[in-house]
Amino acid sequence: MNSFDSKMSAMKSSGRFFTIGLVTAWYSSNIGVLLLNKYLLSNYGFKYPIFLTMCHMTACSLFSYIAIAWMKMVPMQTIRSRVQLMKISALSLIFCASVVSGNISLKYLPVSFNQAIGATTPFFTAIFAYVMTLKRESWLTYATLVPVVTGVIIASGGEPSFHLFGFLMCVGATAARALKSVVQGILLSSEGEKLNSMNLLLYMAPIAVVLLLPATLVMEENVVGITLALAREDIRIIWLLLFNSALAYFVNLTNFLVTKHTSALTLQVLGNAKGAVAVVVSILIFRNPVSVTGMLGYTLTVLGVILYSDVKKRSKGN
């Protein structure tokens, strides 16, 4: 009995270490890609957010295929109809708009303010869910969204590095992220069309590359030539782009694994904390000026998000 107990406790502790390792990898890849994007687009002076997003999507296409077709990390799910392909293409377009807008905003805004705006995703999700599915939440759920929005208004007023275009791009990225989750719930709701996040990325990423390529060629002409010229002066740019693109895939992979190995509640708590960690790390690295008003506004938004998550969880339980 003792040996059985010791085996069980050993398995429990190894499982705990595995989960801690996963969460650490999830945090590191999420915050790492955010900080690297900021460094490349703002500090390094690589002013090509669409091309950068295309690099991310190319890496996601390649690594998704390796993970699913070769390594068999999850069973491959096939697209069953042209209608399903059109739905995935529509999702991919919204996904592209979200990522590109987010990357553009990083050219103009500090990561701390970017994260504060990003925390308002539940507000946009509630609006889109109501407009598109007429799904009404309880009045208490809507009440928790008041501090979410109020916090960002306060943070905007107290942000020393406020930039209107960057702010609008960031709001657009946040709204598009919320829209994608609502549209995904509507389009891929039938059992035959449901895809797990790994398979969805496998199909969305190549479509995103096809969508982003003409946009890059038109809006960021000769970007490949400019990047190669930069590489002759400083080879680090190639390594930074490769590492950043690989990291973009690992954000999705670790997100899938953390979702699989933890509960929905744990994921919500970790997600809320992740934004706060990203803010602290970015301020320490980039030393961007922050105001007390800005920090108070961000704190109010995070508290609103925590309340919103809690009320949603309770209403589901009921």
Side-chain angles (χ1 to χ4, degrees), residues 27-53 55-56 97-124 145-178 219-220 223 230 234 236-237 240-241 244 247-248 251 271-306:
Y27 266 47
S28 305
S29 55
N30 263 275
I31 296 167
V33 83
L34 185 67
L35 298 179
L36 254 179
N37 285 349
K38 173 66 182 170
Y39 173 74
L40 282 166
L41 293 165
S42 188
N43 298 55
Y44 191 90
F46 185 79
K47 295 177 170 58
Y48 306 102
I50 304 173
F51 178 70
L52 183 65
T53 308
C55 290
H56 288 183
S98 170
V99 179
V100 170
S101 304
N103 283 340
I104 291 170
S105 77
L106 282 171
K107 272 173 76 173
Y108 304 100
L109 299 179
V111 172
S112 50
F113 188 42
N114 178 285
Q115 288 295 288
I117 300 165
T120 61
T121 305
F123 168 73
F124 290 104
L145 293 171
V146 174
V148 171
V149 179
T150 309
V152 166
I153 294 166
I154 294 167
S156 303
E159 176 54 53
S161 314
F162 184 84
H163 189 285
L164 184 60
F165 179 68
F167 173 76
L168 293 173
M169 281 287 116
C170 198
V171 169
T174 308
R177 195 160 53 240
M219 297 168 79
E220 298 176 342
V223 64
L230 269 173
D234 182 9
R236 276 187 322 148
I237 185 68
L240 283 169
L241 285 172
N244 191 18
L247 213 51
V251 168
N272 291 335
K274 181 165 57 65
V277 174
V279 167
V280 173
V281 173
S282 73
I283 292 168
L284 290 173
I285 291 174
F286 295 113
R287 307 208 174 276
N288 56 284
V290 285
S291 67
V292 176
T293 316
M295 282 293 103
L296 284 173
Y298 178 60
T299 307
L300 184 61
T301 295
V302 171
L303 287 173
V305 171
I306 293 166

Who are the side-chain hydrogen bond (donor to acceptor under 3.5 Å, both in side chains) partners of Ser29, not counting sequence neighbours? Thr254
Contacts of type ring-ring contact (aromatic ring centres under 6.0 Å, His included), residue Phe286, not counting sequence neighbours: none
In chain order, what residues pass the ring-ring contact (aromatic ring centres under 6.0 Å, His included) check against Phe124, with sequence neighbours excluded? none
All side-chain contact (heavy atoms from CB on, under 4.5 Å) counterparts of Tyr27, not counting sequence neighbours: Val23, Ile31, Leu270, Ala273, Lys274, Val277
Does any pair with a residue in residues 276-288 pass side-chain hydrogen bond (donor to acceptor under 3.5 Å, both in side chains), and if so which ones, sequence neighbours excluded? Ser112-Asn288
Would you give me the side-chain donor-acceptor pairs under 3.5 Å for residues 289-296, sequence neighbours excluded?
{"residue": "Ser291", "atom": "OG", "partner": "Gly158", "partner atom": "O", "Å": "2.3"}
{"residue": "Ser291", "atom": "OG", "partner": "Gly294", "partner atom": "N", "Å": "2.9"}

Identify each donor-acceptor pair in which a side-chain atom of residues 166-177 lies under 3.5 Å from a protein atom, sequence neighbours left out, and give them as a table.
{"residue": "Thr174", "atom": "OG1", "partner": "Cys170", "partner atom": "O", "Å": "2.8"}

If a pair satisfies side-chain hydrogen bond (donor to acceptor under 3.5 Å, both in side chains) and one of its residues is in residues 35-44, list it, with sequence neighbours excluded. Asn37-Asn103, Asn37-Asn244, Lys38-Ser42, Tyr44-Asp234
Residue list, side-chain hydrogen bond (donor to acceptor under 3.5 Å, both in side chains) with Asn114, at least two apart or on another chain: Ser105
Which residues pass the side-chain hydrogen bond (donor to acceptor under 3.5 Å, both in side chains) test with Ser156, not counting sequence neighbours? none
Pairs satisfying side-chain hydrogen bond (donor to acceptor under 3.5 Å, both in side chains), at least one member in residues 294-304, at least two apart: none
Can you give me the closest heavy-atom contact between Val148 and Thr120, atom names plus distance? CG1-CA, 3.7 Å
Identify, with sequence neighbours excluded, every residue that meets side-chain contact (heavy atoms from CB on, under 4.5 Å) alongside Pro147. Leu300
